[in-house]
Amino acid sequence: MRISRLKKRLRGDHDFKGHTILGSMCSEPHPIAKRTYKRFLSTNVGDPGLFPKLIKLEKEFISNLGVLLSNPNAKGNVVSGGSEANILAMWTAKNICNAGQNEIIISENCHFSFDKAASLLSLKLIKIPVDSRQRIRVDLAEKAINSNTAAIVGIAGTTGLGVCDPIEKLSEISFKNNIYLHVDAAFGGFVFPFMDNGPKFDFSLPGVKSITIDPHKMGRAAIQSGCIIYRDENIANYVRTPVSYLSGGSTVNNMIMGTRSGASIAAAWMVYNYLGVNGYKKIVKKAMSLTWWFITEVKKIDGLCVKVEPECNVVGVCVNDNYDIKKLINGVRELGWAVSEWPDYMRIAIMPHVTQRALKKFLNDLKKLLLIQSLHS
Ligand code: PLP
């Protein structure tokens, strides 16, 4: 069997180089991440005793991210992605709590990984409405606190609209009430620290106990690499499963995965050190200037608007009452664009692979489709 036959079989799938993917929070990995991943493809850090140096590299990478997030003492792991990191945070919060404490206070705009966590861990999500800027209503979050509260979650870079919950205020109420605060910065974690005046969401806020941050989104690392970062070693040790049989010797596993790719760790470490803070600043600056340009162009089109001004490179495009968003989304999809669909908007993520040229073409297609809708109404 030749690889060309496989390529032929998979032809037609989207590809980050094809300039049609406008709705993904992942991107083409950096070339250095790809090369490194390939080199360490066969490593399995699920048996850590076999790869002690890779484990050391993982610890170093987590510590690097800790420094980025204002806490050099942070501990954690590279896991499969933001979903696993969020589930681990909820598992940790549950293990820290007393039996019976099972309520998680969270924005109604949360990622679906929290619904999974709730189902797996028998937790109850108390979904709090958002304000006009699509951020969790802290007054309502505070009112929801009771003796069953296990954790509060803040989102730094929401999946649909790229806004940041008021984490400083969530930290205040969590700290005051001695409640675990987890921050889901799966997307914003590789954006906000590299902005001049990005929102505050990290361990400098005393209530924050853990953070999800994903190198495989804006970090330009290879899929799969998400990270769960805990404030300290004590918190990091609340999820632990002893394993005795591994060929590298008995150990403790504190993740969901067993077998785990060392290639993800090596690639994330490599690209992080290669780009450095200045490299990421450039990536974020470029993505944000394209985001503001795109928003300006959207607003120029009769019938289109943005759901809310985002705080990072995620834009919710909606239509006025004369048009049908569902039809518009179906229309752009038929023309080959991959966009994400929400009930009243389409999400465009301006990732590093997204070009101004592709966006211009997309905006033209939107105009044409709106014209067709107006002619048929
Ligand atoms: N959290 C947020 C805010 C996200 O946007 C996403 C994915 O888009 C996730 C968590 C889940 O990440 P993953 O798809 O890597 O599991």
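Quick note: residue numbers are just sequence positions, from 1. Just so it is clear, the structure is predicted and the values come from calculations on it, not from any experiment. Just so you know, ligand 1 is whichever comes first in the structure, and atom 1 is the first atom listed for that ligand.
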Residues Arg260 and Glu84 bridged, charged N to O under 4.0 Å:
no
Should you measure from each heavy atom of Ala186, which atoms of ligand 1 turn up under 4.0 Å away?
1 (N), 2 (C), 10 (C)
So, are Lys326 and Glu341 salt-bridged, with charged N and O less than 4.0 Å apart?
yes
Under 4.0 Å from one or more heavy atoms of Ser83, ligand 1 contributes atoms 11 (C), 12 (O), 13 (P), 16 (O)
Nearest non-hydrogen protein atom, atom 6 (C) of ligand 1:
His111 CD2, 3.3 Å
Which heavy atom of the protein is the closest neighbour of atom 4 (C) of ligand 1, given with residue, atom name and distance?
Thr159 OG1, 3.3 Å
Compute the shortest N/O to N/O distance between Gly157 and ligand 1 and return yes if it is under 3.5 Å, no if not.
no
Flag the pair Trp337 / Phe362 as yes when their ring centroid distance falls below 6.0 Å, and as no otherwise.
yes
Mind running side-chain contact (heavy atoms from CB on, under 4.5 Å) on Thr212 and Ile228 for me, showing each step along the way?
CA-CA 5 Å; Thr212 290; Ile228 176 67; 4.3 Å; yes
Please determine whether any non-hydrogen atom of His216 lies less than 4.0 Å from an atom of ligand 1.
yes
What I want to find out is whether Lys360 reaches Glu297 closely enough, with some N-O distance under 4.0 Å, to be called a salt bridge.
no
Note: ligand 1 atoms sitting under 4.0 Å from heavy atoms of Lys217 are 6 (C), 7 (C), 8 (O), 9 (C), 11 (C), 12 (O), 13 (P), 14 (O), 15 (O)
Out of all atoms in ligand 1, which are within 4.0 Å of some heavy atom of Asp214? Include the element for each.
12 (O), 15 (O)
Looking at ligand 1, does any of its N/O atoms fall within less than 3.5 Å of an N/O of Ser113?
no
Closer than 4.0 angstrom, basic N to acidic O: yes or no for Arg137 and Asp139?
yes
Could you say whether the N/O atoms of Asp184 and ligand 1 ever approach to under 3.5 Å?
yes
We want to know whether Ser107 and Asp165 form a side-chain donor-acceptor pair, criterion being a heavy-atom distance below 3.5 angstrom.
no
Taking only Lys NZ, Arg NE, NH1 and NH2, and the carboxylate oxygens of Asp or Glu, determine whether Asp232 and Lys75 approach each other closer than 4.0 Å.
no
Does any N/O atom on Thr158 come nearer than 3.5 Å to any N/O atom on ligand 1?
no
